[in-house]
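Basis for what follows: all heavy atoms, side chains included, without hydrogens, waters or symmetry-related copies. Quick note: residue numbers are just sequence positions, from 1.
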Amino acid sequence: MSEPLVCAVDVGTGSARAGVLDSTGRLLGRGEHPILMNRPRADHAEHDSEDIWSAVCAAVRAALSVSGAAPESIVGIGFDATCSLVARDTAGRQLTLSSTGEARWDTIVWLDHRAIAEADECTATGHAVLDHAGGVMSPEMQAPKLMWVKRHLPESWQAAGHFFDLADFLTYRASGSLARSQCTLACKWTFLAHAEPGWQRDFFDAVGLPELPSHGGLPDRTVPVGADLGALTEEAARELGLTTSCRVAAGMIDAYAGALGVIGGFAADDDELERHMALIAGTSSCVMAMSRDRRSFAGAWGPYWGVTLPDFWMIEGGQSATGALLDHVIRWHGAGGEPDAAMHRRIGERIAVLRAEQGDGFAGRLHVLPDFHGNRSPLADPHAVGVISGLTLDSSFDSLAKLYWRTCVAIALGVRHILDTLNDGGFVIDTLHVTGGHTRNPILMELYSDATGCRVVEPLGDDAVLTGAGMAAAAAAGLYPSLAQACAGMRQQGRERRPNAAAHARFDRDYRVFLEMHRQRKALERME
């Protein structure tokens with residue numbers, strides 16, 4: 001019999017990715033397929049869950065082909081996904097969550113901010129669930145989205161049979177199980193995994209959702225990440241190109257899979273674990289830290305109990321737009337255009353030339369606050385806006401290069417802002433494990449070390465998020481006796497970068513300016 005392997009599936013904002021891994025975490029083959037997004041209005045973003053499932057199937061078949069693995073050798077499959085909201089009616093059919101009324105748009109994307117007013121109402125309750133959401137409800141959470149659906153799409157609300165976080169929808173589609181992951185419900189649905197009962201029904205009463213959690217098929221109990229939900233159904237096995245011998249693992253949110261992939265292997269040493277933070281960076285950025293003790297800070301999501309490894313608290317901060325912000329800068333600038341890989345590379349090459357010519361003073365009077373899509377952490381202000389100081393009439397390509405460079409600096413300083421807040425709260429983080437699309441941007445990778453003063457580790461494996469989902473699959477399939485042992489056995493080595501001591505003073509000044517701009521923006525907004 002061939003060596004037992006696992007399949008990992010990661011559904012992001014723009015594509016579904018799949019990988020075939022062996023029991024040591026080595027990636028043997030990878031596949032990817034794009035997914036559609038509908039943008040009918042400002043701040044509205046929607047997916048088609050059937051399109052997502054088709055993309056998952058295409059990615060898995062491609063990964064299987066690249067790896068050369070036999071379908072019967074895949075003994076487990078794990079899923080992670082963005083925290084998008086999927087609706088199905090009582091018969092399991094697609095149910096529109098779109099202002100267009102089209103049934104196919106049955107999924108509200110995580111980044112959709114249509115429910116910002118409802119999020120403010122949740123915050124105004126002052127309920128204890130907010131203690132695990134940084135004190136402020138984000139429109140990216142599911143409760144405000146559900147409030148919006150009930151108010152604006154009452155027919156869909158009445159017809160709903162199931163509301164899923166996207167990762168739970170994928171495990172349902174794969175196995176037929178309606179079980180919900182502790183990761184998804186605790187992190188995005190206000191379920192308190194450390195409390196009994198987990199659902200706080202008085203919160204739902206306060207925000208006009210007394211039907212929850214029963215409405216929409218939300219269970220009273222969760223299952224831990226990596227739990228065995230059963231075998232692939234015959235239909236799912238056929239569509240994925242696998243067999244019904246493959247076990248399906250309880251899934252998780254994509255950032256949590258990335259965190260599991262890069263810091264889960266340190267869990268055996270508590271002191272060592274608290275020095276490490278995962279930075280999962282792509283369209284947006286998530287920072288994740290894990291500890292035995294319950295710790296929190298204003299502007300962070302969490303702490304959440306047992307949402308990756310049992311008996312550990314996880315805390316999450318983040319930036320709502322990072323890769324998306326760099327794309328926006330390129331589109332917005334007169335010398336820009338389509339923000340494809342070639343354009344990012346061209347800008348990066350020009351920045352290298354200009355920095356070599358102009359030294360540390362390059363674009364030194366240009367400063368950016370990167371909150372173009374609100375500030376997720378550490379301010380927890382979805383209403384925050386971006387600020388640029390130091391513009392001139394220059395509209396050349398070089399001015400685009402300067403703005404791009406200083407936007408990258410601002411993104412890195414935003415990570416430093418989160419880090420400082422975490423360390424003020426009891427962590428001792430000095431090492432960042434970076435995974436995601438930003439590892440392909442050498443400017444950001446340099447700045448994550450130099451602007452924060454941290455050691456930066458880039459996993460040598462192709463995709464730490466897939467590694468995390470593969471760890472869950474390995475646990476569900478019994479390749480390891482526990483998820484923690486799967487994390488230890490499948491952890492990949494990384495490439496290390498140390499901060500440049502000569503850049504310390506320059507970025508300290510930039511950081512002081514960064515904090516002063518936050519203060520001044522707040523002062524301006526308070527003026528009558």
Side-chain angles (χ1 to χ4, degrees), residues 83-88 90 97 108 110 112-154 156-168 178-224 253 256 293-307 313-316 376-377 380-383:
C83 54
S84 301
L85 175 68
V86 185
R88 290 287 165 129
T90 54
L97 296 183
I108 300 179
W110 68 270
D112 183 295
H113 273 207
R114 72 181 68 182
I116 194 164
E118 287 78 8
D120 289 343
E121 292 177 40
C122 292
T123 300
T125 68
H127 194 279
V129 298
L130 297 169
D131 295 343
H132 297 270
V136 177
M137 183 64 73
S138 167
E140 295 172 19
M141 299 290 190
Q142 305 298 17
K145 286 181 166 70
L146 291 167
M147 292 166 66
W148 187 94
V149 172
K150 184 177 180 181
R151 290 175 179 176
H152 297 274
L153 300 173
S156 290
W157 179 261
Q158 291 298 326
H162 302 284
F163 288 118
F164 295 98
D165 217 78
L166 181 53
D168 291 327
L178 290 169
R180 309 302 172 88
S181 164
Q182 188 157 313
C183 179
T184 58
L185 292 195
C187 297
K188 302 301 174 184
W189 296 73
T190 71
F191 184 89
L192 302 185
H194 61 284
E196 183 63 42
W199 293 116
Q200 306 303 298
R201 296 175 190 273
D202 58 337
F203 170 72
F204 291 133
D205 291 343
V207 298
L209 298 175
E211 307 94 326
L212 292 180
S214 58
H215 187 70
L218 299 173
D220 288 332
R221 299 286 176 183
T222 62
V223 294
I253 298 163
Y256 288 76
D293 300 325
R294 174 175 170 173
R295 292 178 179 154
S296 61
F297 70 90
W301 290 345
Y304 303 123
W305 174 250
V307 295
W313 294 91
M314 180 74 82
I315 196 164
E316 175 187 358
R376 188 188 299 172
S377 301
D381 183 2
H383 301 282

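Taking the side chain as every heavy atom from C-beta outward, His132 and His194 approach each other to under 4.5 Å. The side-chain heavy atoms of Pro210 and Arg201, taken from C-beta on, include no pair separated by under 4.5 Å. Looking at heavy atoms from C-beta onward, Glu211 lies in side-chain contact with Lys150 at the 4.5 angstrom threshold. Side chains of Leu166 and Trp110 form no contact here, defined as non-hydrogen atoms less than 4.5 Å apart. Between Phe191 and Val129 the shortest side-chain heavy-atom distance does not fall below 4.5 Å. Annotation: side chain of Glu140 is in contact with side chain of His113 (closest heavy-atom distance under 4.5 Å). Residues His127 and Thr190 form no side-chain contact, since every pair of their non-hydrogen atoms from C-beta on lies 4.5 Å or further apart. Using a 4.5 Å heavy-atom cutoff, the side chains of Ile253 and Val307 are not in contact.
The distance from the SG atom of Cys83 to the CD1 atom of Ile108 is 12.0 Å, given to the nearest 0.5 Å. Here CG of Leu146 is found 8.5 Å from NE2 of His215. Values are rounded to the nearest 0.5 Å. Distance check, rounded to the nearest 0.5 Å: OG1 of Thr125 to CG of Leu130 gives 5.0 Å. Atom CG in Asp168 sits 14.0 Å away from atom CZ in Phe163 (nearest 0.5 Å). Here CZ of Arg294 is found 10.0 Å from CD1 of Ile315. Values are rounded to the nearest 0.5 Å. The distance from the CD atom of Gln142 to the OG atom of Ser84 is 7.5 Å, given to the nearest 0.5 Å.
At distances below 3.5 Å, at least one donor-acceptor pair connects side-chain atoms of Thr123 with backbone N or O atoms of Met137. Not a single donor-acceptor pair under 3.5 Å links the side chain of Glu196 to the backbone N or O of Ala193. Using modelled atom types, no side-chain atom of Arg151 and backbone atom of Val149 make a donor-acceptor pair closer than 3.5 Å.
Residues Thr90 and Ala160 come closest through the heavy atom pair CG2-O, 4.1 Å. Summarising the geometry of Pro139 relative to Ala119, their closest heavy-atom pair is N-CB, 3.7 Å, with the distance given to 0.1 Å. Nearest heavy atoms, Ser138 versus Pro144: O-CG, 3.5 Å. What you find for Pro213 and Asp220 is that their closest heavy atoms are CG-OD1, 4.1 Å. Residues Ala115 and Trp148 approach most closely at CB-CB, 4.1 Å, considering heavy atoms.
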Check the pair Met141, Cys122 against side-chain contact (heavy atoms from CB on, under 4.5 Å), reporting the backbone distance first and the verdict last.
-> CA-CA 11 Å; Met141 299 290 190; Cys122 292; over 6 Å; no

Start with the C-alpha gap between Asp165 and Arg180, add the side-chain angles, then the distance that decides, and say whether side-chain contact (heavy atoms from CB on, under 4.5 Å) holds.
-> CA-CA 8 Å; Asp165 217 78; Arg180 309 302 172 88; over 6 Å; no

Decide side-chain contact (heavy atoms from CB on, under 4.5 Å) for Lys145 and Leu97; before the verdict, give the C-alpha distance in whole Å, the side-chain angles of both, and the deciding distance to 0.1 Å.
-> CA-CA 10 Å; Lys145 286 181 166 70; Leu97 296 183; over 6 Å; no

Report the C-alpha separation of Tyr304 and Glu316 in whole Å, then their side-chain angles, then the decisive distance to 0.1 Å, and conclude whether the side-chain hydrogen bond (donor to acceptor under 3.5 Å, both in side chains) test is met.
-> CA-CA 9 Å; Tyr304 303 123; Glu316 175 187 358; 5.3 Å; no

Verdict with supporting geometry, Phe164 and Arg88, side-chain contact (heavy atoms from CB on, under 4.5 Å) | CA-CA 8 Å; Phe164 295 98; Arg88 290 287 165 129; 4.3 Å; yes

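In summary, the aromatic rings of Trp189 and Phe204 are positioned with their centroids too far apart to meet the 6.0 Å limit.
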